[in-house]
Engineer: 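Pasting in a structure now, in structure tokens, and then I'll have a few things to ask.
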Amino acid sequence: MAFVSMIFAFLAIVLIILGVMFIAGLLFLIPGIVNARKPKYAGKKSPVVFIVIGTLLIALPVGTALTLLVVGVSNSVSTNIRRMGYDNVTDKWRSEWVSDHTAAEDAIEELLSSADAGDRERFAKTFTPNIQQSENFDAALDDFFAAYPVGLSRCELDGGNVGSSGSYNYGHNVQTGGTHYTCVLDGEWYHIIMEFCYENTDFPDDVGVTFFAVENLEANALDIDYKDKQLVCNIKSDSEVSARLIGGDAFLFEPYPDRVITEEEMIAYLAEYDDLYDLSREIGEPNVTKKYSNCTGYDHYYELAPENGEPRYAYICTNSPTGRFLNGYICSDTIGFYDRTLFPDK
């Protein structure tokens, strides 16, 4: 970043110098032309000197600008000519420098549009050549297109933040990225995962999408590890899996249809008890319990009475599976209301 900043600073200084030269050139050229027409300067050299100096001072910045314009147009035309020969967005990655975000945008648009169109060949070409030639890829394509929910390319995608990594060794570069999206199609929530390699100078056949998965709510709640797979479309029915969307994430959900708790009642319960063990003896087990490997606390969710027709949940974090309360707040199905604490006295 510091190197890039130095380059921009240098370019800014150059532009300032060229601008000063252009203005100085005008200050010489205009008086020289005006004085050359006045009778009192007839036969004198000063107007000519001013015109020559002004012309030279103006010529350098104008010439530089014209050169940059010609080079820019030439490069743009050359790039467009190259792009006309691309069969797929990943061909561009092998031929041009792209950022991780550009690569992600290219790939997700290509994958979803070709999947919606049923264009199996164009879809497959988005993956690395080595994956395309792998033994089980054709079968994976069959399974994917058989389960794929057509229409995802029309959805508004949430997410898309790219995590990337790379190695650079004297021109031997490898750059990879990964991202995920969520969307809603016909009232059904979907989770999309994508991983890709957008530069590999030594092995261009490893450039392309390396993993792509589409899951509906029920499948995503299962937290399946798709190890050794490159392409998955996993759709489960609600008769197979009981799941809910809470705070924008999918969870396995144990329903208690006869239990109705309001937000105010939950706050009162939490003020009375200090841990989940005593709370669950009073009102029953949480609908959801989740332990993330990268977190020390244990997450629990209780379904609450709806608010204005929208689902509401109480999120409670404990220091052990049934231990002491650490914090908690109200959630809807899509977001967490972090300012609506369940422990107002803490």
Engineer: Does any non-hydrogen side-chain atom of Leu112 lie less than 4.5 Å from one of Phe212?
Structural biologist: yes
Engineer: Under a plain distance cut-off of 3.5 Å, with no hydrogens placed, do Asn308 and Glu310 share a side-chain donor-acceptor pair?
Structural biologist: no
Engineer: If you look at every heavy atom in Ser239 and Ser237, which pair is closest and at what distance?
Structural biologist: OG-OG, 2.7 Å
Engineer: Does Leu342 offer a backbone N or O that forms a donor-acceptor pair with the side chain of Tyr315 under 3.5 Å?
Structural biologist: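 It does not hold such a pair.
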Engineer: Check whether any side-chain heavy atom of Thr90 lies under 4.5 Å from a side-chain heavy atom of Phe196, and answer yes or no.
Structural biologist: no
Engineer: Hey, what do you get for CD (Gln132) to OG1 (Thr126), rounding to the nearest 0.5 Å?
Structural biologist: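 Answer for the CD-OG1 pair, Gln132 versus Thr126, is 8.0 Å.
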Engineer: Can you name the nearest heavy-atom pair linking Arg122 to Ser113, along with the distance?
Structural biologist: NH1-OG, 3.4 Å
Engineer: Give, for atom CD1 of Ile235 and atom CG of Asn220, the distance between the pair rounded to the nearest 0.5 Å.
Structural biologist: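 The CD1 atom of Ile235 sits 10.5 Å away from the CG atom of Asn220.
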Engineer: Determine whether Val162 and Val174 fall in the same hydrophobic cluster, where Ile, Leu, Val, Met, Phe, Trp and Tyr are linked whenever their side-chain heavy atoms lie under 4.5 Å apart.
Structural biologist: no
Engineer: Indicate, with yes or no, if Ile193 and Phe145 share a hydrophobic cluster defined by side-chain heavy-atom contacts under 4.5 Å among Ile, Leu, Val, Met, Phe, Trp and Tyr.
Structural biologist: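 No, Phe145 and Ile193 fall in different hydrophobic clusters.
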Engineer: Taking atom types as modelled, is there a side-chain donor on Glu110 or Asn88 under 3.5 Å from an acceptor on the other?
Structural biologist: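 Note: Glu110 and Asn88 side chains meet the donor-acceptor criterion.
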Engineer: First locate atom CG of Leu152, then atom CD1 of Ile108, and finally report the distance between them rounded to the nearest 0.5 Å.
Structural biologist: 8.5 Å
Engineer: Counting heavy atoms not belonging to Glu265, are there more than 12 under 6.0 Å from its CD?
Structural biologist: yes
Engineer: Taking side chain as C-beta onward, heavy atoms only, is Asp275 less than 4.5 Å from Thr318?
Structural biologist: no
Engineer: Between the side chains of Tyr313 and Arg244, does any donor sit under 3.5 Å from an acceptor?
Structural biologist: yes
Engineer: Could you tell me which non-hydrogen atom of Pro149 sits nearest to which non-hydrogen atom of Asp116, and how far apart they are?
Structural biologist: O-OD1, 4.4 Å
Engineer: So if you build clusters from Ile, Leu, Val, Met, Phe, Trp, Tyr with side-chain heavy-atom gaps below 4.5 Å, do Leu326 and Tyr292 land together?
Structural biologist: no
Engineer: Okay, side chain of Thr201, backbone of Asn173: is any donor-acceptor separation there less than 3.5 Å?
Structural biologist: yes
Engineer: Is it the case that atom OH in Tyr338 sees more than 12 heavy atoms from other parts of the structure closer than 6.0 Å?
Structural biologist: no
Engineer: Side chains of Thr289 and His300: is there a donor and an acceptor less than 3.5 Å apart?
Structural biologist: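 Their side chains do contain a donor-acceptor pair, which is all the 3.5 Å distance test asks for.
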Engineer: Could you check whether any side-chain heavy atom of Tyr181 comes within less than 4.5 Å of a side-chain heavy atom of Cys155, counting everything from C-beta outward?
Structural biologist: no
Engineer: How about NZ on Lys229, more than 12 heavy atoms from neighbouring residues, nucleotides or ligands closer than 6.0 Å, or not?
Structural biologist: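 Count not over threshold, so no.
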Engineer: Between Ser114 and Ser153, is there a side-chain heavy-atom distance shorter than 4.5 Å?
Structural biologist: no
Engineer: Is there a side chain to side chain contact (heavy atoms under 4.5 Å, CB included) between Asn136 and Gln230 once you walk through the steps?
Structural biologist: CA-CA 10 Å; Asn136 299 320; Gln230 292 83 36; over 6 Å; no
Engineer: Counting only N and O atoms by type, is there a donor-acceptor contact under 3.5 Å from the side chain of Asn234 to the main-chain atoms of Ala219?
Structural biologist: no
Engineer: Evaluate Phe211 against Ile131 for side chain to side chain contact (heavy atoms under 4.5 Å, CB included), listing each step before the verdict.
Structural biologist: CA-CA 10 Å; Phe211 177 75; Ile131 289 177; over 6 Å; no
Engineer: Using modelled atom types only, decide if a donor and an acceptor are shared between the side chain of Arg312 and the backbone of Ile330 within a distance under 3.5 Å.
Structural biologist: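 Checked: no pair found.
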Engineer: Taking the side chain as C-beta and beyond, is there a heavy-atom pair between Tyr190 and Leu157 under 4.5 Å?
Structural biologist: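 Counting from C-beta outward, Tyr190 and Leu157 never come under 4.5 Å.
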Engineer: Looking at side-chain heavy atoms only, is the closest gap between Phe22 and Leu60 below 4.5 Å?
Structural biologist: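 In short, these two side chains do not touch, never coming nearer than 4.5 Å.
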Engineer: For the hydrophobic clusters of this structure (ILVMFWY residues joined by side-chain heavy atoms under 4.5 Å, transitively), does one cluster hold both Phe253 and Ile283?
Structural biologist: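 Different hydrophobic clusters.
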Engineer: Rounded at 0.5 Å granularity, tell me how far OH in Tyr168 sits from CD in Glu199.
Structural biologist: 7.0 Å
Engineer: Is it true that atom CD of Glu121 has more than 12 heavy atoms of other residues, nucleotides or ligands lying nearer than 6.0 Å?
Structural biologist: no
Engineer: Heavy atoms only: give me the nearest Ser164-Asp100 pair and the separation to one decimal.
Structural biologist: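 Shortest heavy-atom contact: OG-OD2, 2.8 Å.
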Engineer: When rounded to the nearest 0.5 angstrom, what distance separates CD in Gln133 from CG in Asp138?
Structural biologist: 11.0 Å
Engineer: Could you pull out the closest heavy-atom pair between Ala140 and Leu231, with the gap in Å?
Structural biologist: O-CD2, 3.8 Å
Engineer: Just checking, any donor-acceptor pair under 3.5 angstrom between side chains of Tyr329 and Asp339?
Structural biologist: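 Distance-only check fails for Tyr329 and Asp339.
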Engineer: Do other residues, nucleotides or ligands put more than 12 heavy atoms under 6.0 Å from the CD atom of Glu282?
Structural biologist: yes
Engineer: After noting the C-alpha distance and the side-chain angles of Thr334 and Trp189, does the key distance pass the side chain to side chain contact (heavy atoms under 4.5 Å, CB included) rule?
Structural biologist: CA-CA 11 Å; Thr334 56; Trp189 182 89; over 6 Å; no
Engineer: Taking all non-hydrogen atoms of both residues, which atom of Val241 and which atom of Lys236 are closest, and how far apart?
Structural biologist: CG2-CB, 4.2 Å
Engineer: Does a donor on one side chain and an acceptor on the other come within less than 3.5 Å for Thr128 and Asn130?
Structural biologist: no
Engineer: With no hydrogens and no angle check, is any side-chain donor or acceptor of Asn200 less than 3.5 Å from a backbone partner on Phe203?
Structural biologist: yes
Engineer: Can you list the steps and then say if Leu222 with Leu252 is a side chain to side chain contact (heavy atoms under 4.5 Å, CB included)?
Structural biologist: CA-CA 7 Å; Leu222 294 172; Leu252 294 176; 3.9 Å; yes
Engineer: In this structure, are over 12 heavy atoms from other groups packed under 6.0 Å from Tyr277 atom OH?
Structural biologist: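 12 or below, so no.
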Engineer: Using a 4.5 Å cut-off on heavy atoms from C-beta on, say whether the side chain of Tyr301 contacts that of Pro286.
Structural biologist: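 No, side chains not in contact.
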Engineer: Salt bridge between Glu307 and Arg340, side-chain N to carboxylate O under 4.0 Å?
Structural biologist: yes
Engineer: Rounded at 0.5 Å granularity, tell me how far CZ in Arg94 sits from CG in Asp206.
Structural biologist: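 These two atoms lie 9.5 Å from each other.
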Engineer: Would you find more than 12 non-hydrogen atoms of other residues, nucleotides or ligands less than 6.0 Å from Arg281 atom CZ?
Structural biologist: no
Engineer: Using modelled atom types and a 3.5 Å cut-off, is there a donor and acceptor pairing between side-chain atoms of Asn287 and backbone atoms of Glu303?
Structural biologist: yes
Engineer: Please determine, by modelled atom types, if Asp106 and Tyr198 share a side-chain donor-acceptor pair under 3.5 angstrom.
Structural biologist: no
Engineer: Checking Asn319 side chain against Arg324 main chain: does a donor-acceptor pair fall under 3.5 Å?
Structural biologist: yes
Engineer: When hydrophobic residues are tied together by side-chain contacts of less than 4.5 Å, even through go-betweens, does Leu141 share a cluster with Met194?
Structural biologist: yes
Engineer: Mark yes when over 12 heavy atoms from residues, nucleotides or ligands other than Asp202 sit less than 6.0 Å from its CG; otherwise mark no.
Structural biologist: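 Correct, the count exceeds 12.
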